[in-house]
Amino acid sequence: MDITPTSPTSPPPEKQPPLAVDKVSSGKATRPGDRIFLGLSRGSGITLLVVMAAIALFLTVRAASALSKNEGNFLTTFEWNADSAEPSFGIAVLLFGTVVSAIIAMIIAVPVAVGIALFISHYAPRAIAAPLGYVIDLLAAVPSIVYGLWGALFLVPHLEGLYKWFDDYFGWTGILAYNDGTPRSLFTIGILLAIMILPIVTSVSREVFLQSPKMHEEAALALGATRWEVIRMSVLPFGRSGIISASMLGLGRALGETMAVATVLSTSFDIQTSLLDGGGGTIAQNIASGFKEANNDGRDALIASGLVLFLLTLVVNGAARIIVARRKEYSGANA
């Protein structure tokens, strides 16, 4: 068979036309379905921004009306007389109670939630892990008022012994001193909020742990690592950003919880030295308990406190995004 080599001057073989590629990622979709999906996605994002801006504008306008009539300092006044002829109100006590109760809840809930999530994902047999996961998920669906009634009728009467134990061993600190009052305090609220946010943190952390790379875990086991060493070296670093995100979701609920706090807490506009003493208040609880009886100026004052809670939530979520962004090496996208 005669094979004639192609000469350098011979015309190149005919090129096939390139395949048509949709430029969806560049924002120029060519297919109708891609264009519709792109429009819906973009519209949803813009709608969310518009709604957030509208909420912020509404709160700012109503808050400015209340603050212009306030005779006290909004950030440092220890009273709430917004319905009087000369209104004087401040959020010092409310902001303190909101932040402190949320911090107590996070200190209690996050370690317990991470432990439960690790047990379900890496320790418990499948016959136990699945039902336990369902029970944890169902706890998130319990209404807030049910938690509040349980806290007022069951939790509060049974905390007196724990408070006395704190006073015996840690009363010298002043923060955990107990004066034999009814345990309707910020510490009680922190325990109740910890129980309420536990399902959220547990569920998200569990799903993150289940997505950890199996090859990394098997490689660590093959090198002789124990189960805890596998979790410490592979699972926890991979799920660190997920734990932070889950904690921020729980913190958001703790900051804005209303009915459970209003049912349990004995409100007083005074900051107690001890966390076990009754009294205090939170921003959301004060809005819920005082909105119905308030006049126009009083409602504007409550809306002003709601603006502070709105800004506090934005700051917390922004800080969480910054923390997660700094730890991109632990994200699942890079695994």
Side-chain angles (χ1 to χ4, degrees), residues 63 66-67 69-108 148 151-152 155-157 159-160 162-167 170-194 251 254-295 297-309 311-312:
L67 295 178
K69 304 175 184 178
N70 187 13
E71 298 294 334
N73 189 304
F74 183 64
L75 296 178
T76 60
T77 300
F78 280 54
E79 62 176 344
W80 191 271
N81 296 319
D83 297 322
S84 60
E86 296 181 356
S88 177
F89 54 89
I91 61 167
V93 177
L94 302 177
L95 185 60
F96 175 82
T98 301
V99 174
V100 169
S101 61
I103 291 176
I104 294 173
M106 296 296 293
I107 293 175
I108 298 174
L155 182 62
V156 170
L159 282 179
E160 187 173 355
L162 177 63
Y163 278 22
K164 290 182 178 179
W165 184 84
F166 279 141
D167 184 66
F170 304 101
W172 56 271
T173 62
I175 300 177
L176 296 176
Y178 180 50
N179 298 319
D180 294 330
T182 303
R184 294 178 178 268
S185 61
L186 291 178
F187 193 86
T188 303
I189 295 302
I191 296 175
L192 183 61
L193 291 177
L251 180 59
L255 290 173
E257 183 53 45
T258 304
M259 294 308 301
V261 179
T263 306
V264 174
L265 188 63
S266 298
T267 307
S268 67
F269 280 87
D270 188 20
I271 296 179
Q272 304 290 342
T273 304
S274 175
L275 297 176
L276 307 184
D277 288 338
T282 65
I283 295 176
Q285 170 261 338
N286 185 59
I287 294 174
S289 60
F291 196 85
K292 184 177 180 180
E293 293 79 10
N295 55 25
D297 293 338
R299 291 181 180 179
D300 288 344
L302 294 173
I303 291 174
S305 65
L307 176 61
V308 175
L309 183 60
L311 295 176
L312 180 62

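In this chain, residues are counted from 1 in sequence order. These values consider heavy atoms only, across backbone and side chains, with no hydrogens, waters or symmetry-generated copies.
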Should L155 and L192 count as side-chain neighbours, where that means a heavy-atom distance under 4.5 Å?
-> yes
Under the side chain to side chain contact (heavy atoms under 4.5 Å, CB included) test, which residues partner A262, sequence neighbours left out?
-> Q285
Apply side-chain hydrogen bond (donor to acceptor under 3.5 Å, both in side chains) to Y178 and list each qualifying residue two or more places apart in sequence or on a separate chain.
-> none
Rounded to the nearest 0.5 Å, what separation is found between the CG atom of L159 and the OH atom of Y163?
-> 5.5 Å
Hey, can you tell me if W80 and F89 have their rings parallel, tilted or perpendicular (30° and 60° cut-offs)?
-> tilted
Please check if the side chain of T76 supplies one atom and the backbone of F74 the other of a donor-acceptor pair under 3.5 Å.
-> no
Residue pairs fulfilling side-chain hydrogen bond (donor to acceptor under 3.5 Å, both in side chains) with at least one residue in residues 81-93, sequence neighbours excluded = E79-N81, E79-S88
Should V100 and I103 count as side-chain neighbours, where that means a heavy-atom distance under 4.5 Å?
-> no
Of all residues at least two apart in sequence or in a different chain, which pass the side chain to side chain contact (heavy atoms under 4.5 Å, CB included) check with S101?
-> I189, L193, T282
Taken in chain and number order and not counting sequence neighbours, the residues that satisfy side chain to side chain contact (heavy atoms under 4.5 Å, CB included) with I175 are T173, L275
Contacts of D297 meeting salt bridge (charged side-chain N to carboxylate O under 4.0 Å, His left out) (sequence neighbours excluded), chain-then-number -> K69
Judged by atom type as modelled, is there a donor-acceptor pair below 3.5 Å linking the side chain of S185 to the main-chain atoms of G278?
-> no
